Amino acid sequence: ASQPRGRRASRRRRAHPVPPLRIVFSAPDSQMPHVRELIRLLEDTHHIPRPSMASPEDIPPYTPYHWRSVWFGFVCDLDPEGVVVCLVNCAYARSRHCCEEFAATEHRRRVIVLLDPPDQVLAAGQASRGHSRCWGVLAMYIRTGAQVVQAFPGGRYAGAQATAEVIAERVNEAEPVVSRRAWTWPSLPVVSLWR
């Protein structure tokens with residue numbers, strides 16, 4: 001058999017070195033220092049390699065693609081057992097783009113890190129009614145406390161170290177593998193309409 005040539009050969013060479021993503025961060029621009037600190041702690045303390053984490057800062061500044069396409073590409077490349085970490089504060093609740101990111105990760109494992117008290121985040125989201133459909137999904141999680149890590153001052157997991165531990169535990173949890181077998185209609189008896 002001959003060696004593959006041209007574009008196919010270069011694609012095969014590039015396919016292996018990229019590790020699967022285990023964590024994708026969703027955060028407003030104001031929270032990028034917090035994202036950097038969490039990435040540092042996850043890498044140093046919990047031994048999660050940096051190439052397996054993606055944040056909005058990893059989007060190339062001069063990419064020919066829209067930044068949203070690149071971020072959603074990160075989510076598509078996420079390992080089935082990986083998590084999307086949403087750093088939610090008042091700025092996140094007011095941002096239509098952040099709420100759309102949250103709604104788009106509905107079928108992924110999520111960790112919602114609440115950086116401001118829930119009543120303040122809910123009030124900020126209610127004031128911005130332009131993205132009500134996407135905001136409604138996030139507001140439901142905040143009200144019920146499902147998947148929410150209380151990382152605001154005075155919260156149970158305040159501080160980057162405690163937040164990083166929760167994220168690492170969620171990433172390392174064993175998730176049962178769901179069968180991807182196609183669903184088929186049950187067999188029904190054939191009834192003739194003509195007698």
Side-chain angles (χ1 to χ4, degrees), residues 7-89 91-93 95-115 134 137-138 141 146-149 151 157 159-181:
R7 298 174 84 181
R8 285 186 183 173
S10 62
R11 279 186 198 150
R12 288 180 185 173
R13 268 188 248 113
R14 278 198 302 261
H16 283 289
V18 181
L21 287 175
R22 297 176 69 194
I23 300 173
V24 174
F25 286 91
S26 170
D29 291 339
S30 60
Q31 291 302 317
M32 284 305 113
H34 198 78
V35 171
R36 281 186 229 113
E37 178 65 13
L38 286 173
I39 287 174
R40 186 190 65 77
L41 287 168
L42 289 165
E43 187 176 18
D44 295 346
T45 310
H46 301 283
H47 312 293
I48 298 174
R50 177 63 182 92
S52 67
M53 295 182 270
S55 78
E57 284 192 332
D58 294 326
I59 298 172
Y62 301 110
T63 178
Y65 306 104
H66 192 273
W67 67 268
R68 288 173 65 187
S69 300
V70 179
W71 189 86
F72 287 121
F74 292 156
V75 175
C76 290
D77 291 341
L78 190 63
D79 189 82
E81 293 186 2
V83 296
V84 177
V85 178
C86 304
L87 300 183
V88 179
N89 62 354
Y92 193 104
S95 167
R96 180 174 61 89
H97 299 302
C98 288
C99 290
E100 285 176 358
E101 287 177 2
F102 182 86
T105 59
E106 180 182 3
H107 301 293
R108 294 291 188 169
R109 301 170 69 210
R110 285 188 289 217
V111 176
I112 304 164
V113 179
L114 207 54
L115 299 173
C134 297
V137 178
L138 177 57
Y141 279 94
Q147 301 177 4
V148 173
V149 177
Y157 300 101
Q161 183 68 44
T163 305
E165 286 178 14
V166 173
I167 295 168
E169 284 175 16
R170 186 77 170 121
V171 169
N172 294 324
E173 280 178 1
E175 187 83 350
V177 177
V178 179
S179 171
R180 294 177 182 255
R181 187 178 58 189

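Computed from a prediction, not measured in an experiment: that's the story for all the values here.
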How far apart are the C-alpha atoms of L41 and I167, what are their side-chain angles, what is the distance that settles it, and do they pass the side-chain contact (heavy atoms from CB on, under 4.5 Å) test? CA-CA 11 Å; L41 287 168; I167 295 168; over 6 Å; no
Side-chain contact, heavy-atom cut-off 4.5 Å: [X] with [Y]?
X    : Y    : answer
N89  : Q31  : yes
T105 : S26  : no
F25  : L38  : yes
R170 : R110 : no
R22  : N172 : yes

Minimum-distance pair of heavy atoms, taken over all atoms of [X] and [Y]:
X   : Y    : result
L87 : P28  : O-CD, 3.6 Å
A54 : D58  : CA-OD2, 3.2 Å
R50 : S55  : NH2-OG, 4.4 Å
A27 : V35  : CB-CG2, 3.8 Å
C76 : R108 : O-NH2, 3.8 Å

Could you tell me the separation between the [atom1] atom of [X] and the [atom2] atom of [Y], rounded to the nearest 0.5 Å?
X    : Y    : atom1 : atom2 : answer
I23  : H46  : CD1   : NE2   : 9.5 Å
H97  : E100 : NE2   : CD    : 6.5 Å
F74  : L21  : CZ    : CG    : 7.5 Å
L114 : T163 : CG    : OG1   : 10.5 Å
T45  : E165 : OG1   : CD    : 8.0 Å

Testing L42, V85, V24 for side-chain contact (heavy atoms from CB on, under 4.5 Å) with M53, which one passes?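 Exactly one option meets the side-chain contact (heavy atoms from CB on, under 4.5 Å) with M53, and it is L42.
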Decide side-chain contact (heavy atoms from CB on, under 4.5 Å) for R109 and L78; before the verdict, give the C-alpha distance in whole Å, the side-chain angles of both, and the deciding distance to 0.1 Å. CA-CA 10 Å; R109 301 170 69 210; L78 190 63; over 6 Å; no
V113 and Y157: side-chain contact (heavy atoms from CB on, under 4.5 Å), yes or no, with the steps? CA-CA 9 Å; V113 179; Y157 300 101; over 6 Å; no
With distance as the sole test, does S95 use its side chain to make a donor-acceptor pair with the main-chain N or O of C98 at under 3.5 Å?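 Yes, S95 side chain to C98 backbone: donor-acceptor pair under 3.5 Å.
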Are C86 and L138 close enough, and set up right, to give a side-chain contact (heavy atoms from CB on, under 4.5 Å), and what steps lead you there? CA-CA 10 Å; C86 304; L138 177 57; over 6 Å; no
Do Y92 and F102 make the cut of ring centroids closer than 6.0 angstrom?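 Judged by ring-centre distance (under 6.0 Å), Y92 and F102 do not meet the cut-off.
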